[in-house]
Amino acid sequence: IVIDDLANKRHDCDILINQIHGINKSRYKNLINRNCDLLLGSKYIIMKSDFLKVRNNLIKTNSISYHNNVHVLFGLSDDSGLTIRFSKLLIENFKELKLYINVGKSFKYIEKLKSLSNQTNQINWTKNSFNVAEQMGKCNFAIGSPGMSTWERACLGIPSIQIGTSKSQLQIMNKLVKFGICKWLGHHQNLTNKEFITSFKEIFYDRKKRSEMKKQCLQAIDGQGTNRIVEYITKWVLAKITYLSKKRNIVILGAGIPGIFSALYLSKLYPNKNIHLVESTKEIGGLYKSIVDPVGGIFDKGMHIVYETLN
């Protein structure tokens with residue numbers, strides 16, 4: 001399974017997922033193998049289940065009203081300091097706003113944010129929040145940079161102003177803005193403070209425009225992407241198992257942890273089948289290994305995860 005958002009190189013896989021809104025299968029002509037299944041577009045966007053829960057609650061209670069809460073998120077690190085720049089502009093020019101700001105643990109302008117927050121009662125901020133969906137759900141407008149948060153805002157029906165932090169975002173955002181789910185102001189280095197304030201006024205105070213943008217957001221992203229992918233993969237696996245049930249011999253290439261688990265599972269599922277586990281190296285286990293130190297210590301390595309041991 002491959003998750004891709006560039007469509008610029010060849011992939012050999014069973015299933016390819018591209019979550020970009022409006023992506024067409026023609027983009028993958030000559031880039032995938034013949035039997036590859038494509039899951040394309042915003043209906044397959046993968047996001048935390050929290051957003052679907054908040055979305056359903058907002059729709060059920062119809063609690064997205066025209067209050068003045070604005071969500072601010074320019075990525076969890078925000079190396080360019082855009083959180084400070086645009087939050088300051090908003091509280092200086094729009095006294096009726098309440099800002100809900102989210103930053104990550106690597107945000108290096110935290111002292112400036114604390115100082116700005118101490119000067120006004122317009123700011124509510126959190127650091128490294130694990131429940132961004134709940135925070136977003138309190139807002140009916142947002143500003144920030146493109147990325148996963150673009151889809152999260154849309155899933156909750158939150159109109160937004162998006163400001164670029166990378167040149168790689170330009171092509172995608174120029175296409176995305178045509179779908180009416182956000183206002184794209186381009187790269188932050190080319191955006192003056194005056195232009196930002198003017199654009200914010202034009203959208204924020206235009207209820208008709210915001211209402212239409214909210215409608216487009218809810219239609220474009222329904223938050224069911226993860227469920228659709230899980231359902232598709234489950235059906236795909238079941239189809240493969242059904243196919244294997246008709247074969248006498250089953251060959252598994254690679255005796256890493258997935259290969260070992262698959263061999264064990266299939267041997268229990270089909271006790272009368274011949275399961276062949278093929279490995280090119282002298283040991284099984286793949287990356288999962290132990291090293292015996294000359295002093296006598298034993299160290300585990302591999303699998304690219306951090307975990308605890310009893311030793």
Side-chain angles (χ1 to χ4, degrees), residues 21 47 50-51 54-59 61-76 78 82-103 113 116-117 120-126 129 131-165 169 173 176-186 188 191 193-221 223:
H21 191 63
M47 62 176 60
D50 295 348
F51 286 92
V54 172
R55 170 194 171 95
N56 291 338
N57 183 60
L58 290 173
I59 293 175
T61 60
N62 195 29
S63 59
I64 304 180
S65 60
Y66 286 97
H67 50 65
N68 296 316
N69 296 345
V70 178
H71 193 261
V72 180
L73 176 58
F74 285 94
L76 296 181
D78 183 18
L82 303 184
T83 301
I84 302 300
R85 175 187 170 185
F86 292 106
S87 295
K88 189 174 181 180
L89 286 173
L90 288 175
I91 63 176
E92 287 178 349
N93 292 275
F94 306 93
K95 298 300 181 182
E96 73 275 26
L97 299 184
K98 179 74 172 181
L99 305 187
Y100 286 80
I101 302 172
N102 187 29
V103 298
L113 180 56
L116 187 62
S117 179
T120 178
N121 61 357
Q122 292 180 254
I123 292 179
N124 181 304
W125 65 277
T126 58
S129 173
N131 200 345
V132 180
E134 183 178 344
Q135 186 191 47
M136 280 189 180
K138 298 176 181 178
C139 304
N140 68 339
F141 198 79
I143 66 166
S145 55
M148 191 63 211
S149 54
T150 299
W151 313 123
E152 293 168 348
R153 296 168 187 135
C155 178
L156 300 185
I158 303 176
S160 65
I161 287 178
Q162 312 252 354
I163 300 169
T165 56
Q169 299 166 341
M173 290 305 298
L176 187 61
V177 73
K178 297 178 182 179
F179 294 98
I181 68 173
C182 65
K183 173 69 175 179
W184 170 238
L185 298 186
H188 71 91
L191 178 65
N193 292 345
K194 184 177 180 180
E195 288 172 338
F196 169 74
I197 294 171
T198 299
S199 294
F200 186 88
K201 286 181 178 179
E202 289 177 352
I203 299 177
F204 190 77
Y205 293 123
D206 189 337
R207 289 196 173 190
K208 183 178 180 180
K209 182 179 293 185
R210 285 172 59 188
S211 178
E212 180 59 30
M213 193 176 289
K214 170 187 168 182
K215 180 180 178 181
Q216 294 298 325
C217 285
L218 292 173
Q219 288 180 351
I221 313 296

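This is a predicted model, so every value here is computed, not measured.
Here the shortest heavy-atom pairing between Tyr100 and Lys138 reads CE2-CD, 3.8 Å. Across all non-hydrogen atoms, the minimal contact from Asn124 to Gln135 is O-NE2, 4.4 Å. Taking all atoms of both residues into account, the shortest heavy-atom contact from Pro146 to Gly164 is CD-CA, 4.1 Å. Of all heavy-atom pairs between Gly157 and Pro159, the closest is O-CD, 3.3 Å.
In this structure a side-chain-to-backbone donor-acceptor pair under 3.5 Å is missing from Ser117 to Leu113. Under the 3.5 Å distance criterion, the side-chain polar atoms of Arg153 are left unmatched by any main-chain donor or acceptor of Ile181. Counting only distance, with no hydrogens or angles, the side chain of Thr150 and the backbone of Gly147 share a donor-acceptor pair below 3.5 Å. Between the side chain of Arg55 and the backbone N or O of Leu218, at least one donor-acceptor pair lies under 3.5 Å.
Note that CG of Leu156 and NE2 of His71 are 9.5 Å apart. Values are rounded to the nearest 0.5 Å. Taking NZ from Lys98 and CD1 from Ile91, the interatomic distance works out to 11.0 Å, rounded to the nearest 0.5 Å. Taking SG of Cys155 as the reference point, atom CG of Asn56 lies at 8.0 Å (rounded to 0.5 Å). A distance of 8.0 Å separates CE of Met213 from CD1 of Ile161, quoted to the nearest 0.5 Å. Distance CH2/Trp151 to CE/Met47: 9.0 Å, rounded to 0.5 Å. Atom CD of Glu212 and atom SG of Cys217 lie 10.0 Å apart (nearest 0.5 Å).
By the 4.5 Å heavy-atom criterion applied to side chains, Ser87 and Ile101 are counted as neighbours. You'll find the side chain of Phe196 reaches within 4.5 Å of the side chain of Leu90, heavy atoms only. Residues Asn193 and Arg85 form a side-chain contact, since some pair of their non-hydrogen atoms from C-beta on lies under 4.5 Å apart. Between Met136 and Leu73, the closest side-chain pair of non-hydrogen atoms falls below 4.5 Å. For the pair Phe204/Asn68, a side-chain contact is recorded, criterion being any heavy-atom separation below 4.5 Å from C-beta on. Between Arg210 and Ile203 the shortest side-chain heavy-atom distance falls below 4.5 Å.
Ring geometry for Tyr205 versus Phe94: interplanar angle of 30 to 60°, hence tilted. Ring geometry for Phe141 against Phe200 counts as perpendicular: the plane angle is over 60°, on a 0 to 90° scale with 30° as the lower cut.
Just one residue in the list Leu116, Ile143, Val103 forms a side-chain contact (heavy atoms from CB on, under 4.5 Å) with Thr83, and that residue is Val103.
Heavy-atom contacts from other residues, nucleotides or ligands closer than 6.0 Å to CD of Glu134 number 12 or fewer.
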- Query: Please walk me through it: do Glu195 and Ser199 pass side-chain hydrogen bond (donor to acceptor under 3.5 Å, both in side chains)?
  - Reply: CA-CA 6 Å; Glu195 288 172 338; Ser199 294; over 6 Å; no
- Chi angles and distances behind the side chain to side chain contact (heavy atoms under 4.5 Å, CB included) call for Cys182, Met173: CA-CA 9 Å; Cys182 65; Met173 290 305 298; 3.8 Å; yes
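In this view, Phe74 and Phe86 satisfy the ring-ring contact (aromatic ring centres under 6.0 Å, His included) rule, not counting sequence neighbours.
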